[in-house]
Undergrad: 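Here's a structure for you.
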Number of protein chains: 2
Amino acid sequence: MYERKTPVNIDCGLHLFMEVMNGKWKINLVWCIYNEIKRPSDLQRKIPNATRRVLEGQLKQLVNHGILSKKTYDVKPPKVEYSLTELGESLIPIIKSTAKWGEDNREELEKLIVK
Amino acid sequence: MYERKTPVNIDCGLHLFMEVMNGKWKINLVWCIYNEIKRPSDLQRKIPNATRRVLEGQLKQLVNHGILSKKTYDVKPPKVEYSLTELGESLIPIIKSTAKWGEDNREELEKLIVK
DNA sequence: TATAATACGGACAAATTTATCCGTACTTGA
DNA sequence: TCAAGTACGGATAAATTTGTCCGTATTATA
């Protein structure tokens with residue numbers, strides 16, 4: 001596993017948010033799970049651009065950061081389901097308003113963000 | 001300059017937000033400038049953990065993304081001031097509510113985020 | 001009996017971001 | 001004249017994140 005060399009900085013609340021939500025696919029993951037797509041294979045199908053390996057890593061971080069909880073059913077074939085914790089739920093309004101900002105300004109932003 | 005190999009993904013509004021705000025010091029920069037600390041050297045003093053070189057880069061991106069505008073005074077010694085654009089201003093309430101989420105959950109998050 | 005589906009993980013490579021070290025130019029004040 | 005302040009940028013190294021390629025195990029279905 002990778003070992004950090006420099007400490008995370010969390011001096012302000014927004015940094016805390018970023019620390020938790022940074023990661024190429026985390027937003028998608030949280031959003032999917034909020035929308036009841038909660039099994040790893042389903043998430044993978046829903047977000048085909050991400051590789052399984054990376055989704056796995058980001059899911060693990062979200063669990064570690066207290067945003068998601070993971071339930072493993074002891075069945076064969078294996079079954080796993082993620083769900084939002086209370087902390088994760090509290091993120092939903094933030095995500096919504098932030099996403100709204102993006103959509104409200106999409107036209108302008110798309111011009112500016114170099115692809 | 002660095003040339004991207006894979007396209008940015010901006011399928012949802014939150015990705016647009018992240019695209020604009022990702023960057024280790026961008027939040028600090030926007031917040032400082034909102035609070036009237038707008039000259040490069042002052043920003044540097046206010047955020048001493050960041051190197052000048054990196055702040056410069058992030059300021060440039062914020063300008064390119066339409067969040068900041070840069071005014072260069074034609075004087076000696078040189079004087080430069082950044083300020084929020086209208087788009088940048090529209091980010092302030094988002095930043096505030098997001099920071100509030102972080103502060104409201106700081107105790108819990110600090111335990112979870114591995115330093 | 002192969003194939004696909006379920007889920008997970010190690011080792012390593014590629015991409016990206018952040019930091020370091022160099023140098024430019026001009027001016028004011030000691 | 002020398003140090004310090006103002007602002008900027010190239011080249012490259014280090015840190016970090018993301019992606020690729022391998023392999024494990026079990027079960028149901030064709």
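Sequence lines set the chain letters: A, B, ... in the order given, protein chains first and strands last, and positions in each chain run from 1.
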Undergrad: Which whole-number value in Å describes the distance from B:Q44 CD to D:dC8 P?
TA: 12 Å
Undergrad: Within the structure shown, what part of the strands sits under 4.0 Å from B:V80 by heavy-atom distance: base, sugar-phosphate, or nothing?
TA: sugar-phosphate
Undergrad: Without decimals, in angstroms, what is the distance between A:K70 NZ and C:dA7 P?
TA: 10 Å
Undergrad: Between C:dG10, C:dA19, D:dG10, which one does the side chain of A:R53 approach most closely?
TA: C:dG10
Undergrad: Using whole Å, what does the distance between atom P of nucleotide D:dT18 and atom NZ of A:K24 come to?
TA: 7 Å
Undergrad: Using atom types as modelled and distance alone, determine if a side-chain donor or acceptor of B:R106 lies under 3.5 Å from a backbone N or O of B:W101.
TA: no
Undergrad: Just the rounded figure in Å: distance from C1' of C:dT18 to CZ of A:R4.
TA: 11 Å
Undergrad: Would you tell me if any nitrogen or oxygen in the side chain of A:T6 comes within less than 4.0 Å of OP1 or OP2 on D:dT16?
TA: yes
Undergrad: Would you kindly give the NZ-to-C1' distance between A:K71 and C:dA7, to the nearest whole Å?
TA: 16 Å
Undergrad: Answer yes or no: does a side-chain N or O of B:R45 lie under 4.0 Å from OP1 or OP2 of D:dT6?
TA: yes
Undergrad: Once you round it to whole Å, what is the distance between P of C:dT6 and CG of A:L55?
TA: 14 Å
Undergrad: So what does B:G57 touch, heavy atoms closer than 4.0 Å: a base, only the sugar-phosphate, or nothing?
TA: nothing
Undergrad: Report yes if a side-chain nitrogen or oxygen of B:R52 is closer than 4.0 Å to either non-bridging phosphate oxygen (OP1 or OP2) of D:dT6; otherwise report no.
TA: no
Undergrad: With sugar-phosphate meaning primed atoms plus P, OP1 and OP2, does A:S41 contact a base, only sugar-phosphate, or nothing at under 4.0 Å between heavy atoms?
TA: sugar-phosphate
Undergrad: Closest approach to the side chain of A:P77, judged atom by atom: which nucleotide of D:dT17, C:dT6, C:dA19 is it?
TA: C:dT6
Undergrad: Could you tell me if the side chain of B:L43 sits less than 4.5 Å from the side chain of B:N28, heavy atoms only?
TA: no
Undergrad: Any base atoms under 4.0 Å from A:K26, or only sugar-phosphate, or nothing? Heavy atoms, all strands.
TA: nothing
Undergrad: Examine B:K79 relative to B:Y73 and say whether NZ or CZ is less than 6.0 Å from the centre of the six-membered ring and inside a 45° cone about the ring axis.
TA: yes
Undergrad: Indicate, with a heavy-atom threshold strictly under 4.0 Å, whether A:R39 touches base, sugar-phosphate, or nothing.
TA: sugar-phosphate
Undergrad: What verdict does the side-chain contact (heavy atoms from CB on, under 4.5 Å) test give for A:F17 and A:L91, after you've listed the backbone C-alpha separation in whole Å, the side-chain angles of each residue and the deciding distance to 0.1 Å?
TA: CA-CA 9 Å; A:F17 174 81; A:L91 218 39; 3.8 Å; yes
Undergrad: Would you kindly compare A:Q58 and A:K76 by the position of their nearest DNA chain D nucleotide and give the one closer to the 5′ end?
TA: A:Q58
Undergrad: CD of B:E56 versus P of D:dG10: gap in Å, rounded?
TA: 10 Å
Undergrad: Grab the CG-P distance between A:L43 and C:dC8 for me, whole Å please.
TA: 11 Å
Undergrad: Output yes when at least one side-chain N/O atom of B:T72 is less than 4.0 Å from OP1 or OP2 of D:dA7, else no.
TA: no
Undergrad: Short question: side chain of B:Q58, backbone of B:W25 - any donor-acceptor pair under 3.5 Å?
TA: yes
